[in-house]
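Structure first, then comments.
In what follows, residues are counted from 1 in the order of the sequence shown.
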Amino acid sequence: MRKGAGEDFHRQRRAQIIEAAKESFAQSGFHGATMAELSQQSGLSAGQLYRYFDSKDALIDAVVRQIAGQNGTACARRNYSP
């Protein structure tokens, strides 16, 4: 495996989990979504989720940061202040 390939895989796996979490949170809400639901949505075991995120709160934080970052980028492209 080339150097950095592990980091690429880690980023891709985190992105996979974040996308699955966004779907689950949209369906069930932050507090309604369980780790079992997140696990099923992502296709990963709960243990794998915890490998990338220490808690559901950490995953919520990552989702919010990603959305805020996307919105900030879109605003910057339109010359708006976030």
Side-chain angles (χ1 to χ4, degrees):
M1 183 180 293
R2 68 177 170 74
K3 187 175 180 179
E7 291 173 12
D8 289 342
F9 179 80
H10 186 81
R11 273 193 296 276
Q12 290 171 355
R13 185 55 59 102
R14 280 181 62 90
Q16 174 186 353
I17 295 167
I18 289 170
E19 289 304 313
K22 289 192 310 191
E23 291 292 323
S24 291
F25 295 154
Q27 293 171 6
S28 303
F30 288 129
H31 298 292
T34 64
M35 289 305 280
E37 181 182 334
L38 294 166
S39 175
Q40 184 178 19
Q41 186 75 28
S42 68
L44 303 170
S45 71
Q48 288 175 303
L49 297 179
Y50 283 114
R51 181 174 181 193
Y52 294 93
F53 296 95
D54 293 335
S55 65
K56 188 168 87 171
D57 286 340
L59 181 52
I60 291 169
D61 184 62
V63 168
V64 170
R65 287 177 184 273
Q66 184 193 63
I67 291 169
Q70 289 172 347
N71 289 340
T73 301
C75 288
R77 277 189 243 138
R78 293 184 186 102
N79 295 321
Y80 294 130
S81 297

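- The distance from atom OH of Tyr50 to atom CG of Leu38, rounded to the nearest 0.5 Å, is 9.0 Å.
- Atom-to-atom distance recorded for Leu49:CG and Ser39:OG is 5.0 Å, nearest 0.5 angstrom.
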Q: Just do the side-chain contact (heavy atoms from CB on, under 4.5 Å) check on Leu59 and Tyr52 with the steps written out, would you?
A: CA-CA 9 Å; Leu59 181 52; Tyr52 294 93; over 6 Å; no
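- Residues Phe53 and Ile18 are in side-chain contact: their nearest non-hydrogen atoms beyond the backbone lie under 4.5 Å apart.
- Ser42 OG to Glu23 CD: the interatomic distance, rounded to the nearest 0.5 Å, is 12.0 Å.
- Closest heavy-atom contact between Glu37 and Gly32: OE1-O, 4.2 Å.
- Residues Gln66 and Val63 fail the side-chain proximity criterion, which asks for heavy atoms closer than 4.5 Å.
- Here the CZ-CZ distance, from Phe9 to Arg14, works out to 13.0 Å after rounding to the nearest 0.5 Å.
- The distance from atom CZ of Arg51 to atom CD1 of Ile17, rounded to the nearest 0.5 Å, is 10.0 Å.
- Judged by distance alone, with hydrogens and angles left aside, the side-chain atoms of Lys56 form a donor-acceptor pair with the main-chain N or O of Phe30 at under 3.5 Å.
- Side chain to side chain, Gln16 and Arg13 meet the donor-acceptor criterion of an N or O pair below 3.5 Å.
- Counted within 6.0 Å of CD on Gln40, heavy atoms from surrounding residues, nucleotides or ligands total 12 or fewer; the atom is thus considered open.
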